[in-house]
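Working notes for the structure below.
Side chains are part of it too, since the values below use all heavy atoms of this structure and drop only hydrogens, waters and symmetry mates. As the structure lists them, so they are numbered: ligands from 1, and atoms in each ligand from 1.
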Amino acid sequence: MATRKTAAKSTSKPNVSADELKTYYREMLLIRRFEEKAGQLYGMGLIGGFCHLYIGQEAVVVGLEAAAEDGDKRVTSYRDHGHMLACGMDPKGVMAELTGREGGYSKGKGGSMHMFSKEKHFYGGHGIVGAQVPIGAGLAFSDMYKGNDRVTFAYFGDGAANQGQVAETYNMAELWDLPVIFVIENNQYAMGTSTARASKSPNLWKRGEAYGIQGEEVDGMDVLAVKAAGEKAVAHCRAGKGPYILEVKTYRYRGHSMSDPAKYRTREEVQEMREKRDAIEHVRQLLLQGDHATEDDLKAIDKEIKEIVNESAEFSKESPEPALEELWTDIYADAAPQNA
Ligand SMILES: Cc1ncc(C[n+]2csc(CCOP(=O)(O)OP(=O)(O)O)c2C)c(N)n1
Ligand SMILES: [Mg+2]
């Protein structure tokens, strides 16, 4: 086995194997390439409606999914494609949903912001800012009620963190010791509003203190740091100690949505994050500097990912549009769930 040199950035990080690093590299790259393809299809008019890309934030969801176990749940906002891919949903089904086709997760009737997978315990995809936070507490309540030790990840943005329903949820979650991890994906902006303009206190996680909730800030451009913080939060929740807040500092490279003119920040600011803090490049360097992978190994992974993404785009173009009769289905539940 190759000798392992520790890269400068990883000195205080947990031990990690070459296979693990490659897995994170692959998973983050899948999200990035998938999102780039979605951006292209949007430009070609194949995706309609809103489309919010996750490019730049990949390490957040990949790090936290690495800390999750089977049966754990997740719920997020409209910036949701990365979360779906990271929890193992099929890229074909996600892309086909983006293009409004029958083969999509919501049979082409939901689009970018409305996809679900019972199998992967992915509960959306929510377009109303902050709405997923009380839903996340509800999911955690169901696990507590059933007496299992599953944990729910409720993801939301820095903008959503200012919502009243988030404060109410914090209170109830701590009061009932709910096993929910509140993940604030602080990407520095809520549409065109920077956190400095919207939040008096720069430490969003500290608001949990008012409710007795423990939390911490995490470097969201470092997948290993995210994973380590995720493991700590998961252990806290599984032990029945109640909720936990992770404020993950990250950055979105693209506009808020595909129609964002991005006049609220400079190109240099974005460029600097891409060049100096990119999460995928960080893992790439750990792999290369640690002699865990050669440039050729990484090229092979790039190729493999490109194929998966191209296949998903092909599938989404070939899948038919939903039949007209589908307008009248999936409106009401057919039957009440039986011990679901
Ligand atoms: C209740 C509500 N208010 C306003 C909007 C319009 N809106 C959509 S996204 C957004 C910004 C949210 O920013 P943030 O929570 O930081 O998440 P990010 O987009 O950065 O992931 C706003 C104001 C909305 N969808 N729902
Ligand atoms: Mg934000």
Under a 4.0 Å threshold between the charged nitrogen and the carboxylate oxygen, would Glu69 count as salt-bridged to Arg150? yes
Lys92 versus Glu311: any side-chain heavy-atom pair under 4.5 Å? yes
Hey, is the main chain of Met95 close enough, under 3.5 Å, to the side chain of Thr99 for a donor-acceptor pair? yes
Who's the nearest protein heavy-atom neighbour of atom 23 (C) of ligand 1, and how far? Met191 SD, 3.6 Å
How are the rings of Tyr170 and Phe156 set relative to one another: parallel (under 30°), tilted (30 to 60°) or perpendicular (over 60°)? tilted
Among all protein heavy atoms, pick the one closest to atom 8 (C) of ligand 1 and tell me residue, atom and distance. Val129 CG2, 3.6 Å
Is the shortest heavy-atom distance from the side chain of Asp222 to the side chain of Lys249 under 4.5 Å? no
The Mg ion (ligand 2) to Tyr189: any N/O/S contact under 2.8 Å? yes
Taking a cutoff of less than 4.0 Å between a non-hydrogen atom of the residue and any ligand atom, is Phe156 in contact with ligand 1? no
Could you work out, for atom 12 (C) of ligand 1, the closest of Tyr155, Tyr78, Tyr251 by heavy-atom distance? Tyr78
Metal check, the Mg ion (ligand 2) vs Glu185 N/O/S, cut-off below 2.8 Å: no
Touching ligand 1 at all, Gly127? Heavy atoms, strictly under 4.0 Å? yes
Is Leu41 close to Leu98 at the side-chain level, that is, under 4.5 Å between some pair of heavy atoms? no
Option with minimal heavy-atom separation from atom 16 (O) of ligand 1, where the choices are Gly159, Ala131, Ser257, Ala161: Gly159
For ligand 1 and Tyr189, I'd like to know whether there is a polar contact (N/O to N/O, distance under 3.5 Å). yes
Check the orientation of Tyr155 and Phe153. Use parallel for under 30°, tilted for 30 to 60°, and perpendicular for over 60°. parallel
Atom 15 (O) of ligand 1 has as its nearest protein heavy atom Ala160 N, 2.8 Å
For residues His114 and Tyr78, establish whether the separation of their ring centroids is below 6.0 Å. no
Would Arg265 count as a cation-pi partner of Tyr189, with NZ or CZ less than 6.0 Å from the six-membered ring centre and within 45° of the ring normal? yes
Any heavy atom of Gln163 closer to ligand 1 than 4.0 angstrom? yes
Short N-O contact, Glu36 and Arg32, less than 4.0 angstrom: no
Filtering Thr195, Asn187, Asp260, Asn186 for the heavy atom nearest atom 20 (O) of ligand 1 leaves Asn187
Ile128 versus ligand 1: do any nitrogen or oxygen atoms come within less than 3.5 Å of each other? no
Side chain, backbone, both or neither: which part of His52 has a heavy atom under 4.0 Å from ligand 1? neither
Anything under 30° is parallel, anything over 60° is perpendicular, the rest tilted; go ahead and classify His52 against Phe50. parallel
Applying a 4.0 Å heavy-atom criterion (strictly less than), which segment of Asp158 is in contact with ligand 1: side chain, backbone, both, or neither? both
Where the Mg ion (ligand 2) is the vertex, angle from Asp158 OD1 to Asn187 OD1 to 10°: 80°
Closest to atom 21 (O) of ligand 1 among protein heavy atoms sits Arg79 NE, 2.9 Å
